[in-house]
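Data block below; observations after.
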Protein chains: 2
Amino acid sequence: MLPVRLHPGGSEGPPPGAEAQPLQRRLGRLASLSPAEMAMIAEACRGPLRELPARGEIHPEGACPPPAALVSGWACRIRMLADGRRQIVAFLLPGDLIGRPPPCLPAPCAALALTRVLLADAQPLFAAGFTEHPPTQTGLGRALRAAELQEEVLLRDQVVRLGRQTAYERLASLLLELRQRLETAGLAQQRGFALPLTQEVLADALGLSVVHVNRTVQQMRRDRLIELRGGQVIILQPEALRSVADWQDIPGLRD
Amino acid sequence: MLPVRLHPGGSEGPPPGAEAQPLQRRLGRLASLSPAEMAMIAEACRGPLRELPARGEIHPEGACPPPAALVSGWACRIRMLADGRRQIVAFLLPGDLIGRPPPCLPAPCAALALTRVLLADAQPLFAAGFTEHPPTQTGLGRALRAAELQEEVLLRDQVVRLGRQTAYERLASLLLELRQRLETAGLAQQRGFALPLTQEVLADALGLSVVHVNRTVQQMRRDRLIELRGGQVIILQPEALRSVADWQDIPGLRD
DNA sequence: CGCAAACCTTAACATAGGTTGTTGCTGCCC
DNA sequence: GGGCAGCAACAACCTATGTTAAGGTTTGCG
């Protein structure tokens, strides 16, 4: 296997034409979408895309950016304290949505690209999803709403991780979250997926120091729960990992 | 001053007739509301209220409860790990909203009353706020949306607290959050407010042990940043506390 | 009035995780 | 091809916070 660089920094992208899939797949799972709606999503992903290199700033803290969809690459929402400590509040994966439609608060976090990233304008989607019959929304409206609600669920998971779990548990939990989300976007096999994150990035997400992330990864390898090298993770014992992390799958929509 | 018990457990309530104010005040600050809308809020708070004692369960984990408004008393969203560790994900104060209108995900957290609590049915409010012209919402719709967005901001603050701040900083930050929110609801004076929380509850919110919360409170008292006794807090040096906590006020609506 | 429960406080000790610093590997660029 | 940058790995030491256990205080209640 080619040892892939952890910080590819803009080298490889998805095969051309595959860009639309994560967003279509994800939204399609959150609500049943009409062919017209699927076409609209594909159109948005084909439309003029914004490209940023790794470490590029998608929007600064305090901004109120127009809705965009992450078409490819990884990003995060991050907040910095005055003395330079950083906390990654959430990871953004292909198929995730970034801004919000107009009545919105200034974002308390900046959004940063972690790899090279492609962003599509999502305004047409929100316009189509919400202009119609408000309470009983159309498929697209429901899907966008569900995406928003899921993000909140992830935030709560993150709070529990940071507040009450050990380093080992936090790492397990994060890996399971990422696996499930990537699978929804069609970017994970059963047990393995690409993890283009530095241990430093993991540390900022897990509320740990880099050194301790390293220790924890080593331990988890020794315990034969995961393999992690060259930016690829393989979950060797999903059930064991699940029970370490006290993980419950992210729920889908219900009404 | 009467030493108020930390866990009043149902003794005192707000003066009769004052129930409507926190919700009206809060929503009125999030968007300008018509007299009809204000009346509707007052009506909801007068309507048949659900009452729960301290420690009562407002809704269990995994539920998808109809929207309610917290009219008086304190509550929280809480999640428990398999081995009994608990994390308070958010505090709910008078004027806060609890459920969500129908297309919703099963709540990943239970909601628990921390004191005696009164809940109003908020369904009429959501119905009135969102049935109308969808994208450019009426005042009430905007206010409800803003409340939802603010909750997300609070969650992110909580993530940063737990992930990157020390015990001392976490406590400072939480006190400032509560002060601002209570002031919005009309329940805090300039520097002081009622804090009906056990140190154990604080510990579960701050991701600390009870003992360490106690140590931290002691230290903060010694530093003359706060007074805390009998369920009343007084912030002696707001600016110092702010700089310790790296606190930024919760933003209001902008579009 | 006196007891019991719930809560706060303190101390002594244990440990998860932070900090600092060094090493070595890999890919990249001049 | 040598030096440099970014990253993983490892060690030694330090500190914030957790744990256990014990007393002290307040409140509520019989």
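Here the structure is a predicted model, which means the values were calculated and not measured. A, B, ... follow the sequence lines: proteins, then strands. Residue 1 opens every chain.
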Testing dG18(C), dT17(D), dG18(D) for proximity to the side chain of Leu208(A), the answer is dG18(C)

Interatomic distance, [X] [atom1] vs [N] [atom2] [rounded to whole Å]:
X	N	atom1	atom2	result
Gln232(B)	dC8(C)	CD	C1'	17 Å
Gln218(A)	dA9(D)	CD	C1'	6 Å
Leu171(B)	dC8(C)	CG	P	13 Å
Arg215(B)	dC8(C)	CZ	C1'	14 Å
Leu195(B)	dC7(C)	CG	P	14 Å
His212(A)	dC10(D)	NE2	P	14 Å
Leu202(A)	dG6(D)	CG	C1'	16 Å
Leu228(B)	dC8(C)	CG	C1'	11 Å

Check this one for me: any side-chain N or O of [X] less than 4.0 Å away from OP1 or OP2 of [N]?
X	N	answer
Thr198(A)	dC7(D)	yes
Arg221(B)	dT9(C)	yes
Gln199(B)	dA6(C)	no
Arg222(A)	dA9(D)	no
Asn214(B)	dT9(C)	yes

Could you tell me whether [X] contacts a base, only the sugar-phosphate backbone, or nothing, with contacts defined as non-hydrogen atoms closer than 4.0 Å?
X	result
Val211(B)	base
Arg170(A)	nothing
Arg85(B)	nothing

Is a side-chain N or O of Arg170(A) found less than 3.5 angstrom from the main chain of Leu206(A), in a donor-acceptor match?
yes

Answer yes if the side chains of Gln219(A) and Arg222(A) hold a donor-acceptor pair under 3.5 Å, and no otherwise.
yes

Are a donor atom and an acceptor atom from the side chains of Ser173(A) and Arg161(A) found within less than 3.5 Å of each other?
yes

Would Arg181(B) and Asp96(B) pass as an ion pair if we require N to O under 4.0 Å?
yes

Salt bridge (charged side-chain N to carboxylate O under 4.0 Å, His left out) between Arg116(A) and Glu51(A), worked out
CA-CA 7 Å; Arg116(A) 189 183 72 111; Glu51(A) 176 179 351; 3.0 Å; yes

